[in-house]
Amino acid sequence: MATSEQTVLQFAPTATSVTLSAKVHPLVVFNICDCYVRRPDQAERVIGTLLGSVLPDGTVDIRNSYAVPHNESSDQVALDIDYHHNMLLSHQKVNPKEVIVGWYSTGLGVSGGSALIHEFYAREVPNPVHLTVDTGFRMGEPAIKAYVSFNLSLGDLQLAAQFQEIPLDLRMIEAERIGFDILKTTMVDKLPSDLEGMEASMQRLLALIDDVYKYVDSVVQGETAPDNIVGRFISEVVASLPKLSPAVLDKLVNDNMQDHLLLLYLSSITRTQLSIAEKLNTAAQII
Amino acid sequence: MAAAPIARSFLQVAATEEVATPLRVVQIEGLVMLKIIKHCKEFSPALVTGQLLGLDVGSVLEVTNCFPFPIREEDEEVEADGANYQLEMMRCLREVNVDNNTVGWYQSTLMGSFQTVELIETFMNYQENIRRCVCIIYDPSRSSQGVLAFKALKLSDSFMELYKTNNFTGEKLREKNLSWVDIFEEIPIKVSNSALISAFMTGLEDDTPVTQCDYDRLQLSTNPFLERSAEFLIECMDDLSMEQQKFQFYHRNLSRQQSQQQTWLQKRRAENMARKAAGEEPLPEEDPSNPIFKPIPEPSRLDSFLITNQISNFCNQINGVAGQNFSRLYLMKALHEN
C-alpha cells in the first residue's frame, strides 16, 4: 500500500475532515518519550494508542496515551491486541470519558507498516489520528506531526491510503504551570517555594517593563522606526491601569494590608495556642 | 602497602543485619508530576488517589511512573475489583518495561487538610509490605496560585512503633518525647527528567518571556482562598477545643475518683482501728469490687495531635499566601505611583 507524507491531491473530502485539527497535551509527549526510552532493545520504534476526546467543534483533543507492545519485521507488523484492550479497559475505569482517538509512533515519516496499523485503528474509531513523534531529531529540532488518512479508491477498488497532515496545536499550558525550568533540565534540586516563585515572576515582569521602556525611549529619540501596532498595545496596557485618585488607592492598599496583617496575627496566636495546649496535654499529672 | 581487606564468609555477611540508610530525598520524574496534576485536576474537588512506582536506591527514592486508582463507590464487591485493577495495571506496565515496584501512593487534598487517621492506617498497611514507602500529597487549589504544591510525607519511625502498641497516653508520649510535630516527616523533593524529554521541552518551549505560571502568581484576587483557609482554621479550632474539653472532663473525673478513694480508705482504716480494739479481723484495705476503684481510661491523644497538625498546616498556608499578597500589593502601589 503506497503512502505519502505531503498532500498530493485533494479529493472531495467531507467538510468536517478538512477542518480537522488536533491538540496535544504535554503529558502525551512525556509518555511517548518515556516509552521510547524504555523500549525493548530490538525494537526500533514504539507504537501506542492515543486517548482523548473529540471536542464539539471537531478538534481532536489528545489527553493521554499508553504504549502497546508490537513486533515489527520488514514486511509484517504484529500488535498485541489483547494488551491494547486490557489497558483501554483499565484506563476507562478511571476516566470513562477518554476514548481512543488514534495512535502514535516514534520516527519521522509514515511507513508501509503504519498503514496496516492505521487500518486496525480505523476499525475502532471512525477517523483515527496518527501522531508521529520524531525522537531521532532528524530535522534538528523536535518534530511532532499529526496525520489523518484518506482512502484513494477507484470505483470499488481500493488503491492506496493517503496520509494527510493536519494542523497540530501543542497546548503547553499545563507544562507552563509547572514552569519550564523544572521540566527542561535533567535535574532540579528543589521545588521553588512560594516567595522564590514570586521573586522569579516579578523579575521577569521587571525585565519586560525595562524592555518596553527602552523601546519607547529609542522610538522617541528617533532611533527605531515607530510601529503603530506595538504603540497601540502599549497604550492599551497603560490605560488598563484603573484610574484611581491617590487617596482612594492608598486606602485600598492599606485596607488590604491591614486584613493580611490581621490574618498573620491570627495565625501566630493560633500557633502559640497550639504550643500551650501541647504543654498542658502532656504535662505530668500531680496526684 | 595497604593490607588486603579481610574476606568475610557468606555466613557472616548474611548474619549482619542490613542497616537501612535513612531516606533523604525523593526524586520524582517530570512525567509523574504531570500525571498527578492531570488526574487531580480532572476530578477536583473530589479527592483521588493513585499508586506510585519506582525504585528504592540508597538514600534516594526514585519515583518513575504512576497510575491512578478509579474512584471507589461504597460497594462491597468493588474491593476485589480494585485489587484486580491494580494487578492488571502493574502487569501491563511491566510488559512495556516500566518499573514494577510500588514505592507508595499519592493523593490529592483540599486546602491542605490531609492529616487523618485514614492516612496513618494506609501508611501502616503499606509499611507491612514495603520497606520504604512515601506518600505524595498534591493540592490543586494552591496550584491555581502558581505554587507547585507537592509534598512528600512519611511517618516517623518512633511514631510507627507507638502506633502499633495503640497506646497514646500522656506517660507514654513523655517517655518517647513525642509531640505532634514528630508524626509526619516531610522529605525534600527533587525533579529529574530524561535527556530526551528535556531536549523536547527545550525545543518546544515558546519564546514568550512570560508564562501562564507568572500570570497565576501575579493575580491579585486571592481572597477566596484566604477566606476558606480561615474558615477551615476556625472549624479545626472548634474540634481542638472539644478535644481539650474531653481531657478536662477526664482530669476532673480522675481527681474526683481519687478523693473518693481517699475518703473510703480513711473510713476503712478507722473501721479497722475499731475492729482491732474489739479484737476482730481487720478488713482489707482494698476493695476491687467497689466501682470507685475502677481505673478510668485515658482518652487517646492521637486525634488532638492530628488536628494540631492540620491547624499548623493551615497557619503555614495562610502565612505563605499573605506573604505573597504583600509583595503583590507593594507592586501595585509602585505601578500606580509611576
Side-chain angles (χ1 to χ4, degrees), chain A residues 26-27 29-31 33-38 40 67 69 83 86-87 90 93-95 135 141-142 170 172-174 176-180 182-191 194-195 197-198 201-202 204-205 207-208 241 249 253 256-257 260 263-264 267 270-271 274 277-278 281-282 287, chain B residues 30-31 33-35 38 68 70 85 88-89 92 95-98 146-148 150 170 173-174 179 188-198 200-205 209-214 217-218 226 244 247 301 308 311-312 315 318-320 322-327 329 333 335-336:
Chain A
L27 177 60
V29 179
F30 268 82
N31 252 332
C33 290
D34 186 60
C35 293
Y36 182 75
V37 170
R38 289 173 188 275
Y83 180 94
N86 281 338
M87 279 295 258
S90 301
K93 275 198 204 142
V94 177
N95 200 346
T135 46
E141 56 161 34
L170 287 170
M172 289 289 165
I173 297 213
E174 287 96 1
E176 280 186 6
R177 282 234 163 89
I178 302 188
F180 265 109
I182 297 194
L183 292 175
K184 252 194 322 188
T185 54
T186 37
M187 179 71 72
V188 173
D189 276 332
K190 140 180 145 67
L191 293 179
D194 316 351
L195 293 177
M198 273 305 277
S201 293
M202 294 227 250
R204 270 195 277 248
L205 187 62
L208 280 179
L241 288 176
L249 179 70
V253 171
N256 258 312
M257 283 220 255
H260 286 105
L263 278 176
L264 281 179
S267 78
T270 318
R271 290 174 155 277
L274 287 180
E278 170 73 17
N281 274 341
T282 52
I287 301 183
Chain B
L31 170 69
M33 289 179 88
L34 275 179
K35 271 187 163 174
K38 167 179 185 285
Y85 169 83
E88 189 66 32
M89 274 303 255
C92 290
E95 284 191 34
V96 278
N97 289 339
V98 173
V147 177
L148 202 51
F150 271 98
L173 292 168
R174 263 198 309 283
S179 90
I189 298 183
K190 272 197 333 190
V191 181
S192 78
N193 288 310
S194 69
L196 179 63
I197 195 66
S198 79
F200 258 100
M201 283 293 135
T202 321
L204 292 173
E205 183 186 3
V210 176
T211 61
Q212 181 70 28
C213 188
D214 298 319
R217 279 189 197 139
L218 292 172
L226 283 174
Q244 304 263 35
F247 280 125
R301 297 217 155 78
T308 317
I311 294 183
S312 107
C315 288
I318 292 184
N319 282 351
Q324 281 186 317
N325 275 342
F326 277 131
S327 8
L329 283 174
K333 213 161 138 181
L335 273 179
H336 271 257

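Just so we're on the same page: letters track the sequence lines, and every chain starts at 1.
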Closest heavy-atom contact between [X] and [Y]?
| X | Y | answer |
| --- | --- | --- |
| B/P70 | A/V94 | N-CG2, 3.9 Å |
| A/S267 | B/C315 | O-SG, 3.7 Å |
| A/A67 | B/V96 | CB-CG1, 3.9 Å |

Examine whether an atom of [X] lies under 4.5 Å from a heavy atom of chain A, and if so say whether it belongs to the side chain, the backbone or both; otherwise answer neither.
| X | result |
| --- | --- |
| B/P188 | neither |
| B/E88 | side chain |
| B/K35 | both |

Worksheet entry | For B/F326, ring pair (Phe, Tyr, Trp, His ring centres under 6.0 Å) partners two or more places apart |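 B/F326 satisfies ring pair (Phe, Tyr, Trp, His ring centres under 6.0 Å) with A/H260 only.
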Worksheet item: With respect to chain A, which residue among B/P68, B/C92, B/S192 yields the maximal number of heavy-atom pairs within a distance under 4.5 Å?
Response: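 The answer is B/C92.
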Roughly how far, to the nearest 0.5 Å, is the [atom2] atom of [Y] from the [atom1] atom of [X]?
| X | Y | atom1 | atom2 | result |
| --- | --- | --- | --- | --- |
| B/L31 | A/N31 | CG | CG | 5.5 Å |
| A/L27 | B/M33 | CG | CE | 13.0 Å |
| B/E95 | A/M87 | CD | CE | 9.5 Å |
| A/R271 | B/I311 | CZ | CD1 | 10.5 Å |
| A/T270 | B/I318 | OG1 | CD1 | 7.5 Å |

Worksheet item: Side chain, backbone, both or neither: which part of A/D34 has a non-hydrogen atom closer than 4.5 Å to chain B?
Response: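 For A/D34, the contact with chain B is made by the side chain alone.
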Worksheet item: Does the side chain of A/R38 come within less than 4.5 Å of B/V98's, by heavy atoms?
Response: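 Yes, close enough: below the 4.5 Å cut-off.
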